[in-house]
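Have a look at the structure below, then the notes.
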Amino acid sequence: MKSIPKNLKQKFTQIQIKNSRIKIIKLIHFLLVSTLFIRLAFIHHVHADQYIAYMEKKETKLVFKKAKPRGSIYDRNQQELVVNTPITTIIYRYNPQIDINQMLATADLLAELIDVDTQKLTNRDLDDIYRREFELSDDIEITTQQRESIPDHAKQAFMIFRNMSEAYYGGENTLKFDVTDHEIARVTEQIDLLPGIDIVTSTQRDYPSVLGHHDLLGRLSKEGGLPTEHFQTYMLNNYAINDRVGTSSLEHHYEELLRGHKSVHTQNDSHQGIETLFEGYSGANLTLTIDAAFVNQVDEILERRMRSAKNNRPGAKYLNEGYVVVTNPNTGEILSLNGLVLEEDGTATKHPLGTMHNSFTMGSVIKGATMLTGYEHGVVNYGDVVHDKPMIFSDGSKKGSWSSLGLINDIDALRYSSNVYFMTQAIQLGGDVYYPRSHLNLDLAVFDTYRASFAQFGLGSPTGIDLPNEQSGLRDSDRSVAKLLDFVIGQSDTYTTLQLAQYVSTVANGGHRYALQLLKEASIPVSPYESILVHSFEPKLLNTIDLPEDAFRRVHEGFRQALQMQGGTGNHVFNNASYNPAGKTGTAEEFVRDADGKLIYTTHGHLIPVHHMTFIGYAPADHPEIAVAVVFPQSELPMHKNQLVLEVADDVFKAYFGWYQS
């Protein structure tokens with residue numbers, strides 16, 4: 001029998017292998033098709049109802065409609081300070097059925113009809129616009145020249161599209177505020193070609209009173225965006241990306257009261273079936289404690305008196321700022337908050353927040369707190385007498401009063417503004433007794449004793465004012481014996497004018513320190529004739545000075561004599577005042593500084609000595625209605641006396657009581 005040729009045997013083996021592979025492929029194909037049919041049958045017969053329900057389900061999302069108007073602000077006499085003025089705006093309402101290509105087409109057309117601000121476009125934005133315009137890849141570098149060549153229309157379309165995209169987060173977004181009549185007409189003609197675009201009435205802040213856009217009232221964020229700081233917090237509280245919020249002063253501090261609240265609805269993806277979950281409401285209207293006419297009058301007093309002093313008194317060469325705070329000492333209500341800065345070019349800038357942001361050494365006005373601290377710790381008794389003459393220390397240095405006053409008691413010390421009386425007190429509180437040319441061994445922890453006591457009056461501590469960013473002044477780091485003697489006469493730590501006002505108010509009312517407040521009441525309007533009261537003024541007692549009434553009576557009498565009795569430091573201005581004032585003058589020794597706080601030197605390299613002039617007072621002395629604090633930094637050169645601070649204080653009292661004549 002013949003054998004099979006070798007080549008035929010190999011072909012037969014290859015055919016067998018191919019047949020086996022085909023069978024395996026057919027088996028896999030059969031299994032896949034079978035699995036598919038089984039899965040389809042399973043879906044059709046077992047889960048059909050679930051899948052049908054899923055296909056028919058409409059996506060539902062929360063939609064926040066535009067917020068109701070922001071609350072207005074009024075003074076204590078219901079004069080309008082901040083109101084809402086209607087303006088026309090163009091908005092985009094988010095609709096999930098409008099795709100990105102439709103949005104791009106809408107933005108492109110709208111850019112031909114309105115002008116929008118493109119100043120906020122970054123270089124990165126411009127690069128994106130250029131690449132899109134010329135269909136370039138993202139890795140292509142764009143030059144400055146190329147950015148500058150981008151047409152305005154492309155920039156505006158980009159800004160509009162970006163603002164439209166941001167409507168996803170809040171339901172709608174404003175594309176342009178305060179639209180012109182011409183723009184309204186053009187958009188109205190094309191409105192059918194602009195899906196999601198609408199023309200609505202919005203509001204902007206207006207300032208109709210004599211105060212105008214006063215810094216005390218505050219400002220809103222600019223049109224077109226929330227502030228970057230605390231951005232996430234705003235978004236979590238249902239703000240839209242371009243909502244305007246308070247960024248300073250009262251607008252910021254009372255944002256939660258002033259803001260209008262959005263209506264909340266549910267809406268499915270077919271834009272049907274809208275259901276209201278929460279009906280929005282207007283922001284609260286605020287009534288302040290200030291009297292706008294009085295504030296304006298004090299501003300006029302400041303400017304007139306400061307200009308006159310600057311032009312006519314050599315001692316006022318370096319005068320460039322002044323501050324006044326007026327309060328109701330029995331409640332803590334702020335009646336007026338004023339500051340004025342004279343610029344180098346002669347213009348006057350109102351700076352009321354300087355009363356709480358800028359601090360100075362205040363001089364002898366703080367001696368009332370020093371005296372009451374002495375009473376509290378038993379180193380001064382009512383009627384104690386000290387011989388006021390210059391004090392000479394072991395190193396030969398001297399400290400004294402403005403004159404040798406002879407034998408004086410506690411009331412005289414305030415009337416004549418003795419330094420020696422209060423330095424003697426500090427030495428005793430520090431555990432020693434003064435002898436001429438002897439060494440003083442004092443417990444310097446007495447610094448802490450004085451500062452803790454002063455803080456009870458508001459000196460060196462927050463006043464509780466309802467404004468952001470209040471400053472508390474600066475503590476002198478020098479804890480020497482010499483500095484302690486300076487401290488008790490107001491030549492060490494710095495305080496704000498606002499703190500002086502709280503201090504004098506606390507003295508005037510007999511030891512009750514009230515938080516200083518600007519908000520009298522807040523109410524939410526529910527109709528043109530009805531409002532719901534949500535806040536009513538109540539005095540906020542921060543602390544009470546634990547001293548007998550007699551201690552305050554002694555200080556009151558010293559303050560009254562300082563202004564109304566012969567020899568008192570303010571008598572030459574207030575001796576005939578019919579409103580019965582009490583108060584204290586102050587002079588703090590300093591050196592001239594420029595507008596940035598840097599020391600100024602003469603051509604010979606010497607510092608220039610200057611005085612801060614200060615005043616605190618209240619009236620009537622027996623039943624105080626108002627308390628006043630006045631501060632004029634570097635307003636007097638040592639050899640040129642300047643009674644500007646007393647003249648302004650007198651004018652402010654007269655303005656309050658209705659007797660002021662400009």
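When ring centroids are compared, Phe487 and Phe454 come within the 6.0 Å threshold. In this structure, Phe615 has its ring center closer than 6.0 angstrom to the ring center of Phe574. Annotation: Tyr495 is not in aromatic contact with Tyr503 [ring centroid separation under 6.0 Å not met].
By the side-chain contact (heavy atoms from CB on, under 4.5 Å) test, Phe231 is found to be paired with Leu226, Met235, Ile241, residues two or more places apart in sequence or in another chain being considered. For Glu636, the side chain to side chain donor-acceptor pair (under 3.5 Å) test picks out His611, with sequence neighbours left out. Taking Thr144 as the reference, nothing meets the side chain to side chain donor-acceptor pair (under 3.5 Å) condition, with sequence neighbours excluded.
Between the Asp493 side chain and the Asp476 main chain, a donor and an acceptor come within less than 3.5 Å of each other. A donor-acceptor contact shorter than 3.5 Å links the side chain of Asp594 to the backbone of Lys598. In this structure a side-chain-to-backbone donor-acceptor pair under 3.5 Å is missing from Asn312 to Ala309. Asn296 places no side-chain N or O within donor-acceptor distance of the main-chain N or O of Ala292, the cut-off being under 3.5 Å. Ser209 places a side-chain N or O within 3.5 Å of a backbone atom of Leu211 that can act as its donor or acceptor partner. The main-chain N or O of Gly246 is found under 3.5 Å from a side-chain atom of His252 such that the two form a donor-acceptor pair. Between the side chain of Thr587 and the main chain of Met613, no donor-acceptor pair closer than 3.5 Å is present. Between the side chain of His214 and the main chain of Leu216, a donor-acceptor pair closer than 3.5 Å is present. Between the side chain of Asn642 and the backbone N or O of Ser635 there is at least one donor-acceptor pair closer than 3.5 Å. In this structure, Asn311 contributes its side chain and Arg307 its backbone to a donor-acceptor pair below 3.5 Å.
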Given the rule in the salt bridge (charged side-chain N to carboxylate O under 4.0 Å, His left out) test, do Arg219 and Glu255 qualify, once you have shown the distances and angles that lead to the verdict?
CA-CA 11 Å; Arg219 299 178 183 275; Glu255 170 66 24; over 6 Å; no
Apply salt bridge (charged side-chain N to carboxylate O under 4.0 Å, His left out) to residues Arg554 and Glu557 and explain how you reach the verdict.
CA-CA 5 Å; Arg554 301 289 292 186; Glu557 181 58 20; over 6 Å; no
Candidate pair Gln564 and Asn580, rule side-chain hydrogen bond (donor to acceptor under 3.5 Å, both in side chains), full reasoning:
CA-CA 8 Å; Gln564 297 192 45; Asn580 187 21; 2.8 Å; yes
Test side-chain hydrogen bond (donor to acceptor under 3.5 Å, both in side chains) on Tyr375 and Asp410 and set out the steps.
CA-CA 10 Å; Tyr375 292 148; Asp410 50 342; 2.6 Å; yes
Output, in order, the C-alpha distance, side-chain angles, deciding distance and verdict of side-chain hydrogen bond (donor to acceptor under 3.5 Å, both in side chains) for Thr496 and Ser359.
CA-CA 4 Å; Thr496 66; Ser359 63; over 6 Å; no
Walk me through it: do Gln456 and Arg513 pass the test side-chain hydrogen bond (donor to acceptor under 3.5 Å, both in side chains)?
CA-CA 7 Å; Gln456 294 184 79; Arg513 182 165 78 103; over 6 Å; no
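Between Phe552 and Gly511, the closest heavy-atom pair is CZ-CA, 3.4 Å. Across all non-hydrogen atoms, the minimal contact from Ser403 to Asp388 is O-OD1, 3.5 Å. Here the closest non-hydrogen pair linking Leu440 and Phe393 is CD1-CE2, 3.8 Å. Pro329 and Asn509 make their closest contact through O-ND2, 2.8 Å (heavy atoms, listed as atom of the first residue, atom of the second, distance). Counting all heavy atoms, side chain and backbone alike, Val325 lies closest to Ala501 at CG1-CB, 3.5 Å. The nearest pair of heavy atoms linking Glu321 to Pro633 is O-CD, 3.4 Å.
Of the candidates Asp486, Ile392, Val420, Lys399 forms a side chain to side chain contact (heavy atoms under 4.5 Å, CB included) with just one, namely Asp486. Of the residues Phe653, Tyr656, Tyr618, the one that meets the ring-ring contact (aromatic ring centres under 6.0 Å, His included) test with Tyr579 is Phe653. Each of Asp432, Val446, Val481, Val433 was compared with Ile427 under the side chain to side chain contact (heavy atoms under 4.5 Å, CB included) criterion, and only Asp432 meets it.
Heavy-atom neighbours of Glu343 CD from other residues, nucleotides or ligands within 6.0 Å: above the threshold of 12. Residue Asp546 qualifies as open at atom CG: its count of foreign heavy atoms under 6.0 Å is 12 or below. The number of heavy atoms from other shown groups lying within 6.0 Å of NZ (Lys483) is above 12. The local environment of NE2 in His213 is crowded, with over 12 non-hydrogen atoms from other residues, nucleotides or ligands closer than 6.0 Å.
Between the OG1 atom of Thr494 and the CG atom of Leu459 there is a distance of 11.0 Å, given to the nearest 0.5 Å. Note that the CD1 atom of Ile301 and the NZ atom of Lys654 stand 10.0 Å from one another [nearest 0.5 Å].
A salt bridge does not link Arg304 to Glu300: none of the charged nitrogens lies less than 4.0 Å from a carboxylate oxygen. Salt bridge annotation for Glu333-Lys540: absent, with no cationic side-chain nitrogen under 4.0 angstrom from a carboxylate oxygen.
Glu589 places none of its side-chain heavy atoms less than 4.5 Å from the side chain of Pro609. Contact annotation: the side chain of Leu337 approaches that of Leu498 to within less than 4.5 Å [non-hydrogen atoms, C-beta and beyond]. When side chains are defined from C-beta on, Leu644 counts as touching Leu319, because their heavy atoms get closer than 4.5 Å.
A ring-ring contact (aromatic ring centres under 6.0 Å, His included) check over residues 303-356, counting only residues at least two apart or in different chains, returns nothing. Listed by first then second residue, pairs satisfying side chain to side chain donor-acceptor pair (under 3.5 Å) with a partner in residues 460-473 read Tyr254-Asp466, Thr463-Glu470, not counting sequence neighbours.
Side chains of Thr247 and Ser221: a donor-acceptor N/O pair is absent below 3.5 angstrom, by distance only. Side-chain polar atoms of Asp651 and Gln297 form no donor-acceptor pair below 3.5 angstrom.
His512 and Tyr514 have tilted rings, their planes meeting at an angle from 30° to 60° on a 0 to 90° scale.
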Report, one line per pair, each donor and acceptor closer than 3.5 Å where one atom sits in a side chain of residues 360-373; sequence neighbours left out.
| residue | atom | partner | partner atom | Å |
| --- | --- | --- | --- | --- |
| Thr361 | OG1 | Glu590 | OE2 | 2.9 |
| Ser364 | OG | Lys367 | NZ | 3.0 |
| Ser364 | OG | Ser417 | OG | 3.2 |
| Lys367 | NZ | Ser417 | O | 3.2 |
| Lys367 | NZ | Ser417 | OG | 3.1 |
| Lys367 | NZ | Ser418 | O | 3.1 |
| Lys367 | NZ | Asn419 | OD1 | 2.7 |
| Thr370 | OG1 | Ile366 | O | 3.4 |
| Thr370 | OG1 | Val488 | O | 2.9 |
| Thr373 | OG1 | Ala369 | O | 2.8 |
| Thr373 | OG1 | Ser453 | OG | 2.6 |

